[in-house]
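See below for the structure under consideration.
Every value quoted in this text rests on a predicted model; they were computed, and no experiment measured them.
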Amino acid sequence: MKNLKLKSARAELDLSQAELAQAVGVTRQTINLIESGEYNPTIKLCIAICKVLRKTLDQIFWFEETIQMREELKKEERVNI
């Protein structure tokens with residue numbers, strides 16, 4: 001799945017893929033692969049990217065489906081208590 005949140009956050013700061021890559025210590029191709037959904041970065045790289053983009057992990061890397069599933073689990077846990 002393409003990571004349009006990453007691309008959008010990068011564009012908000014007017015950063016090229018190459019500039020973001022240099023800031024986090026990877027190649028431009030790596031950023032391109034992450035944005036195109038062809039590469040799943042390590043948590044360490046995700047955190048580094050988020051710091052540069054001034055965003056949280058949730059804002060860039062957690063997809064809406066994951067967030068919704070997490071909220072549903074919390075509701076179920078409250079009901080079962």
Side-chain angles (χ1 to χ4, degrees):
M1 178 181 287
K2 288 187 178 187
N3 192 331
L4 299 177
K5 293 177 184 180
L6 172 56
K7 187 174 184 176
S8 176
R10 182 174 56 75
E12 283 177 20
L13 295 177
D14 198 31
L15 288 174
S16 68
Q17 288 181 344
E19 291 168 327
L20 177 57
Q22 184 176 14
V24 298
V26 297
T27 65
R28 182 204 55 80
Q29 291 85 348
T30 299
I31 299 299
N32 183 53
L33 289 171
I34 295 168
E35 287 183 1
S36 66
E38 297 178 36
Y39 178 72
N40 194 11
T42 64
I43 191 70
K44 184 177 178 180
L45 179 53
C46 290
I47 291 168
I49 289 170
C50 288
K51 284 182 180 179
V52 171
L53 298 178
R54 296 180 228 138
K55 300 284 184 183
T56 66
L57 287 169
D58 283 344
Q59 291 172 312
I60 301 295
F61 291 102
W62 296 173
F63 298 105
E64 289 302 317
E65 302 86 40
T66 305
I67 293 169
Q68 288 174 348
M69 287 174 55
R70 196 180 315 155
E71 289 173 0
E72 288 174 16
L73 285 172
K74 286 180 184 177
K75 287 178 187 176
E76 286 180 24
E77 288 174 357
R78 284 187 220 129
V79 170
N80 292 331
I81 292 179

Q) Is any side-chain heavy atom of I34 closer than 4.5 Å to a side-chain heavy atom of V26? A) no

Q) Can you find a pair of side-chain heavy atoms, one from R54 and one from L13, that are under 4.5 Å apart? A) yes

Q) Hey, any chance I43 and V52 share a hydrophobic cluster, counting ILVMFWY side chains that come within less than 4.5 Å of each other, even indirectly? A) yes

Q.
Walk me through whether L53 and L20 qualify under side-chain contact (heavy atoms from CB on, under 4.5 Å).
A. CA-CA 8 Å; L53 298 178; L20 177 57; 4.2 Å; yes

Q.
Among residues at least two apart in sequence or on other chains, which ones pass side-chain hydrogen bond (donor to acceptor under 3.5 Å, both in side chains) with K7?
A. none

Q) Do you know the tightest heavy-atom contact between C50 and T56? A) SG-O, 3.5 Å

Q) More than 12 foreign heavy atoms under 6.0 Å from CD of Q17: is that the case here? A) yes

Q.
What's the separation between atom NZ in K51 and atom CG in L57, rounded to the nearest 0.5 Å?
A. 10.0 Å

Q) To the nearest 0.5 Å, what is the distance between SG (C46) and CG (N40)? A) 7.0 Å

Q | L45 and T30, any side-chain heavy atoms less than 4.5 Å apart | A | yes

Q: Not counting sequence neighbours, list each pair that qualifies as a salt bridge (charged side-chain N to carboxylate O under 4.0 Å, His left out) and has a residue in residues 32-42.
A: R10-E35

Q) Does S36 reach the main-chain N or O of N32 with its side chain, forming a donor-acceptor pair under 3.5 Å? A) yes

Q. Which atom names give the shortest non-hydrogen contact between I60 and K55, and what distance separates them?
A. CG1-CB, 3.6 Å

